Structure formats: structure tokens, C-alpha cells
Number of protein chains: 2
Amino acid sequence: MAGEALLEELRATLVHGNPERTATLDTTLRFVAEHGLGPQSLPVEIIQLVGDRWSALMLTVLAAGTFRPSELQKVVSLLSHIGNSNSISQRVLTAKLRSYERLGFVRRTAWDTVPPRTDYDLTPLGHELVKIIRDIVLWCLDKEDDVRSAIQAFDESEDE
Amino acid sequence: MAGEALLEELRATLVHGNPERTATLDTTLRFVAEHGLGPQSLPVEIIQLVGDRWSALMLTVLAAGTFRPSELQKVVSLLSHIGNSNSISQRVLTAKLRSYERLGFVRRTAWDTVPPRTDYDLTPLGHELVKIIRDIVLWCLDKEDDVRSAIQAFDESEDE
DNA sequence: CCGAATCCGACGGGATACTG
DNA sequence: CAGTATCCCGTCGGATTCGG
């Protein structure tokens, strides 16, 4: 692959002013070069898809079962009001659902009835994703105190 | 807390047209209501901070050691070119670094020299975060085939 | 070399109205 | 009720310039 020459260039650049950089740097760069964590890579695209205002909440709720869009909107909106946040708009809700569906995280089931009815639920892949999200959330909650004190210290040292 | 009346309202709404929803739904809603996954919550703010174009790459590289901004910019930009992406601008780089620093994920060390020199490296908390990011990335890579075929199937059924 | 300031295009996300 | 289209605004992110 094209990475070898690149890694050599990086090595030359970085060791220049800091000769003691060697092993761990090399393995890390190699990891990134092989897997490609650039903005276009699939991992980053997935992270971006989930890293927005509503996805953590939406997907976590969806993990509880099957929902119609109007139900989901109401549940998500009510739950977000706990934190004094606004409601999710229908526009954003359907857009996110379609994104999840495209990547295979949710399944869409539509009936030809009047009035129309559509159900959304997670695929097995989606359930795996939610499991990861829950791990992240739990870690964040576990570190909440550390982060908050860091924020406070930073902000205080700013407006001195 | 205010959650109890809210949960009752949600229960009434959701069971309405679907009486078999009970246990798992309730525990999930309770989890979300207690931890608050709304847009203002700390977990979601952290997820948003990391869920952008460059954070996965930047933080992974930073896990390899100490970097000066110019070094970091060059490394990140070169590595992103593997995926034919653009370079990260200095503006975004420093902004992201400050965000990370504010939440306690990176440490900034500045010298009073001419020309100036500043070093950035991860805090222990930052290293934990990178570990989580690496788990996500590895999961995404593991599921890459599934996701890509889902995307293909979705896109084909669109432009029928 | 560090990084703040400015300008600008692109996108996310909210409100509303409209079709089936 | 599901879904789309339109309008609008705030933020993200890139390019460039300037000061320390």
C-alpha cells in the first residue's frame, strides 16, 4: 500500500526535533495508516452520524422496541425536556431514521393503510451499536465529576 | 425527581395502541430519564465533541505521545490524504485542542521562548477516551462489510 | 512557530405548510 | 399519520491575514 513511503516521511518529520520518539509512535501511526481514520472513512462517518444532538437518545429509546414516528417523536421530546432541551422536529427525526436505515441500523416497515402506518425498530446491527453507545454514556457518567471540575478550572483560568 | 409523572405519561401514550409493551420499555425509559441523554447532557456533549471530522484521527495520533501543533497538523493532514481527504486547518486544530483541554482530555504545556513552543499530550482521562474511540473504530471496521452492503441495497432500492 | 481574528461557504437543525 | 419542501439561523470548517 501507499502507506510505507508516507510513514517514512512522517518518521523523518517527527524524529527531527525529538529523537526519543520511536516504538509506540510507529505502531500508532501504522494503525491509523492501515485503517484510515480520515473524514471519509466509514468509522468516522458512523461516528459523525451518531455524534449529533439526538442520536444517543433516539437509538437508546429505539432499543426498547418498535415505534411509530409520532410515538418516537413524543417520547424523545418528553425525555429531552428533563434537561430543559427543545423537542426534536419531525424533519430531523425522519431524516435521522432514514440515515440509520441506510447503514442498516434500523428497519422500516410500512403498511398500505389509511391512515398510513410505519414502524421502526432496530436491526441486530443496531442493537450492537446501541450497546456501544451505552458503554460510552456510562463512561461519561462515571467521569462526569472529573470533566466538570476540569471545565470549571479551565473557565476560571480564562476570565481572570 | 420529576421523572415519575413523566414516565406515567409516556406509559399511557405508548401502551395505548400496543398493550404488550411493558417491561423492557419501562426499564429503558427509566434509564434514559434518570441519566438524561438530552442534547444538553454531558454524555451527549462529549459525544458531539468527538463526533466530528477530525477528532477520531487527532486523538488517536495524540495517544502516541507529545506533539507540537505544527507537527500534529502535518501528521493528521498526511494521514487523512490516504483517504483522499483535505488537510485540517490550523484554525480547527487549535480550536479542537482547546475543547479537549477544557474537558480535561489533553494537557497544554507552553514555554516562554522565542520562537514560541507549545506541547500537547493526553491526560489519563484522555487516554481512557481514546481507548473507547479505538473500540468504536474496531467495531466499525469489523462491521464494515455489513454496513456497506446495507448502504448498497438501500441506494439501489432508491433510484429504482 | 503559536494562535487569534476575519471572511465565507456548507451543513445541521428548528418552524411551518403542504401532499398522500 | 407519514413524509417532503421551504425558509431561516447558528454553528462547523476551510482559507487567509496579522500579531506576539
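On a predicted model such as this, the values are computed, not experimentally measured, just so you know. Lettering follows sequence order; numbering is per chain, from 1.
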*Check the pair A:Arg108, A:Asp121 against salt bridge (charged side-chain N to carboxylate O under 4.0 Å, His left out), reporting the backbone distance first and the verdict last.*
CA-CA 7 Å; A:Arg108 179 176 177 276; A:Asp121 62 348; over 6 Å; no

*What do the steps show when you test B:Ser80 against B:Leu57 for side-chain contact (heavy atoms from CB on, under 4.5 Å), and what is the final call?*
CA-CA 8 Å; B:Ser80 74; B:Leu57 183 49; 4.2 Å; yes

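Atom-to-atom, CZ of A:Arg98 to P of D:dA5 comes out at 10 Å; the value is rounded to the nearest Å. The CG-P distance, from B:Leu93 to C:dC1, rounds to 14 Å in whole Å. The interatomic distance linking A:Gln90 (CD) with D:dG3 (P) rounds to 8 Å, in whole Å. Following rounding to the nearest Å, B:Lys74 (NZ) and C:dC2 (C1') show an atom-to-atom distance of 16 Å. Atom-to-atom, CD1 of A:Ile88 to C1' of C:dA15 comes out at 14 Å; the value is rounded to the nearest Å. Remark: P of C:dC2 and NZ of B:Lys96 are 20 Å apart, rounded to the nearest angstrom. Rounded to whole Å, the distance from CG on B:Asp112 to P on D:dG20 is 15 Å. Rounded to whole Å, atom C1' of C:dG13 lies 15 Å from atom CG of A:Leu49.
Here A:Arg91 lies in heavy-atom contact (under 4.0 Å) with a base. Residue-level contact check: B:Asp52 touches the backbone only, with heavy atoms under 4.0 Å from sugar-phosphate atoms and none from bases. Across all strands shown, B:Pro69 has heavy atoms under 4.0 Å from sugar-phosphate atoms exclusively, and none from any base.
An OP1 or OP2 oxygen of C:dG3 is reached within less than 4.0 angstrom by a side-chain nitrogen or oxygen of B:Thr118. Here B:Arg68 reaches the OP1 or OP2 of C:dC2: one of its side-chain N or O atoms lies under 4.0 Å away. Checking the phosphate oxygens (OP1, OP2) of C:dG3, a side-chain nitrogen or oxygen of B:Tyr120 falls inside 4.0 Å. Phosphate proximity of D:dG3 to A:Arg108: present, with a side-chain N or O under 4.0 Å from OP1 or OP2.
Of the residues near DNA chain D, A:Ser70 and B:Asn86, the one whose nearest nucleotide (by heavy atom distance) lies more toward the 5' end is A:Ser70. The nearest heavy atom of DNA chain C to A:Pro115 and to A:Val92 marks one nucleotide each, and the one closer to the 5' end goes with A:Val92. Between A:Leu97 and A:Gln48, the residue whose closest nucleotide on DNA chain D is further toward the 5' end is A:Leu97.
The pair B:Glu158-A:Arg98 counts as a salt bridge, with a side-chain nitrogen and a carboxylate oxygen less than 4.0 angstrom apart.
The side chain of B:Pro116 lies closest to D:dG20, out of C:dG3, D:dG20, D:dA2.
In this structure, B:Ser77 contributes its side chain and B:Lys74 its backbone to no donor-acceptor pair below 3.5 Å.
For the residue pair A:Tyr100/A:Ser55, the side-chain donor-acceptor check at 3.5 Å is satisfied.
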